[in-house]
Amino acid sequence: MKHGHANHQSMEWGTCMTKETVTKQTIIGNKNISEDIVDLIKQQILSGELNPGNRIVETKLAKELGISQTPVREAIRQLSGEGIITIVTNKGPMVRDFHMKDVFEIYSLRAVLEGFAIRLATSNATEEDIEHLQTFHEEMKAKLHDDSIPSLLQESLYIHQTIIRLSEHERLNAMYKSISFQIVLVNRILGKKSTKAKEVEQHGELIEALVKRDPDEAELVMRRHIHRSYREFAELKAVDSIAFKEATWL
């Protein structure tokens, strides 16, 4: 079975950094207003226009957009369901602030989902699929010394999402998508300390694991890969990662 290779410039909100920008002007007149509002709020969070702890005033946002409050409420409900917005008594919807326990849960869940995904991908991926990833990785290497490209986080995320897709497991894909924006938020924080060389090296390991087509080894490589990122995040925040028993999901 052959798999289509989605252009990494048009990925789902899991790679929301590449999603077409939603503006207040494009929302008006659109049939999927609530979905556009969800995307708008996510963009504002990523850009720093909205920060953890900031309130989202539904009446104010609706007035700014020139629409009723109904689609705004629907968008808030969806963002709350994704764990991005939290509803605080007497304050209303607020941008969620991720604590270390949240980060532990995100990374440990990733380890389970992505470990299983790459395990399935070792048998599902065609030679064409693997060649596509190898070519993509070579393109990453070519960007190492391009000073106009500050980060390779988008490219790294694309490799992870491709492996998820190659699992051909619909429910796994759906679960991953449900936490994808939380992953992007955590990666954005960690990415400030990441280097392009590290992104190239560490994601080359995942592709090599696919090439070997050993499901046990591939799953272990992926779990260690995600665990390493978790430990780096804990060190960045000067938190004892052991306190969150991450060894239980290695």
Side-chain angles (χ1 to χ4, degrees), residues 3-21 42-43 45-48 103 106-107 110-111 113-115 117-118 121-122 125-167 176 179-214 217-238 241:
H3 303 280
H5 303 308
N7 185 309
H8 66 284
Q9 293 298 316
S10 60
M11 291 179 276
E12 296 285 349
W13 254 114
T15 53
C16 47
M17 293 174 287
T18 62
K19 190 178 178 75
E20 183 179 353
T21 300
K42 285 180 175 179
Q43 286 171 185
I45 293 172
L46 281 182
S47 68
V103 175
I106 292 168
Y107 274 105
R110 282 190 67 191
L113 293 177
E114 297 194 51
I118 198 170
T122 58
T126 65
E127 290 302 317
E128 181 186 6
D129 291 323
I130 293 176
E131 287 173 9
H132 167 71
L133 280 173
Q134 289 174 320
T135 300
F136 184 82
H137 190 249
E138 289 301 316
E139 292 171 358
M140 283 181 71
K141 289 182 182 178
K143 297 174 182 178
L144 275 175
H145 305 294
D146 187 339
D147 293 336
S148 67
I149 301 174
S151 168
L152 292 176
L153 290 178
Q154 274 183 246
E155 286 78 0
S156 298
L157 192 57
Y158 176 72
I159 290 174
H160 281 274
Q161 291 193 319
T162 299
I163 291 171
I164 290 289
R165 178 176 58 80
L166 291 173
S167 74
Y176 183 83
I179 63 167
S180 60
F181 189 75
Q182 296 181 44
I183 292 172
V184 171
L185 286 178
V186 174
N187 281 349
R188 184 185 64 165
I189 297 170
L190 186 58
K192 294 177 181 178
K193 294 293 182 180
S194 183
T195 65
K196 293 196 291 185
K198 183 186 292 185
E199 294 298 315
V200 168
E201 177 186 356
Q202 294 184 358
H203 289 84
E205 295 173 354
L206 300 181
I207 297 171
E208 184 59 33
L210 278 176
V211 171
K212 293 180 180 178
R213 293 189 183 276
D214 181 330
E217 180 179 348
E219 182 172 1
L220 183 59
V221 168
M222 178 64 83
R223 282 176 170 264
R224 285 177 173 170
H225 173 87
I226 295 173
H227 175 252
R228 180 170 51 205
S229 295
Y230 171 73
R231 291 299 297 270
E232 289 174 355
F233 187 95
E235 290 170 6
L236 179 64
K237 293 296 184 179
S241 62

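In this chain, residues are counted from 1 in sequence order.
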Between the CD atom in Glu114 and the OH atom in Tyr176, the distance rounded to the nearest 0.5 Å is 4.5 Å
Least distance between heavy atoms, Leu46 atom then Val184 atom: CD2-CG1, 3.8 Å
Checking Tyr107 against Arg110 for the side-chain contact (heavy atoms from CB on, under 4.5 Å) test, could you report, in this order, the C-alpha distance in whole Å, the side-chain angles of both residues, the deciding distance, and whether it holds? CA-CA 5 Å; Tyr107 274 105; Arg110 282 190 67 191; 4.0 Å; yes
Shortest non-hydrogen pair, Ser156 vs Met140, comes out as OG-CE, 3.9 Å
Atom CD of Gln134 and atom CD1 of Ile207: how far apart are they, to the nearest 0.5 Å? 7.0 Å
Look up atom CG in Leu210 and atom CD1 in Ile159, then write down how far apart they are to the nearest 0.5 Å. 10.0 Å
Parallel, tilted or perpendicular for His225 and His203, by the 30°/60° rule? perpendicular
List the steps and the verdict of salt bridge (Lys or Arg N to Asp or Glu O under 4.0 Å) for Lys143 and Glu199. CA-CA 11 Å; Lys143 297 174 182 178; Glu199 294 298 315; over 6 Å; no
Glu205 CD: over 12 foreign heavy atoms closer than 6.0 Å: yes
Atom pair OG/CD1 of Ser229 and Ile183 - distance to nearest 0.5 Å: 11.0 Å
The single option from Val186, Asn187, Leu185 that satisfies side chain to side chain contact (heavy atoms under 4.5 Å, CB included) with Ile106 is Val186
Please step through salt bridge (Lys or Arg N to Asp or Glu O under 4.0 Å) for the pair Arg228 and Glu232, ending with a clear verdict. CA-CA 6 Å; Arg228 180 170 51 205; Glu232 289 174 355; 5.0 Å; no
So how far is it from Met222 CE to Thr122 OG1, rounded to the nearest 0.5 Å? 11.0 Å
Could you pull out the closest heavy-atom pair between Ala209 and Ala218, with the gap in Å? CB-CA, 4.0 Å
Between OG1 on residue Thr126 and CG on residue Leu166, distance to nearest 0.5 Å: 7.5 Å
Between Lys198, Lys196, Lys141, which is the residue that forms a side chain to side chain contact (heavy atoms under 4.5 Å, CB included) with Leu152? Lys196
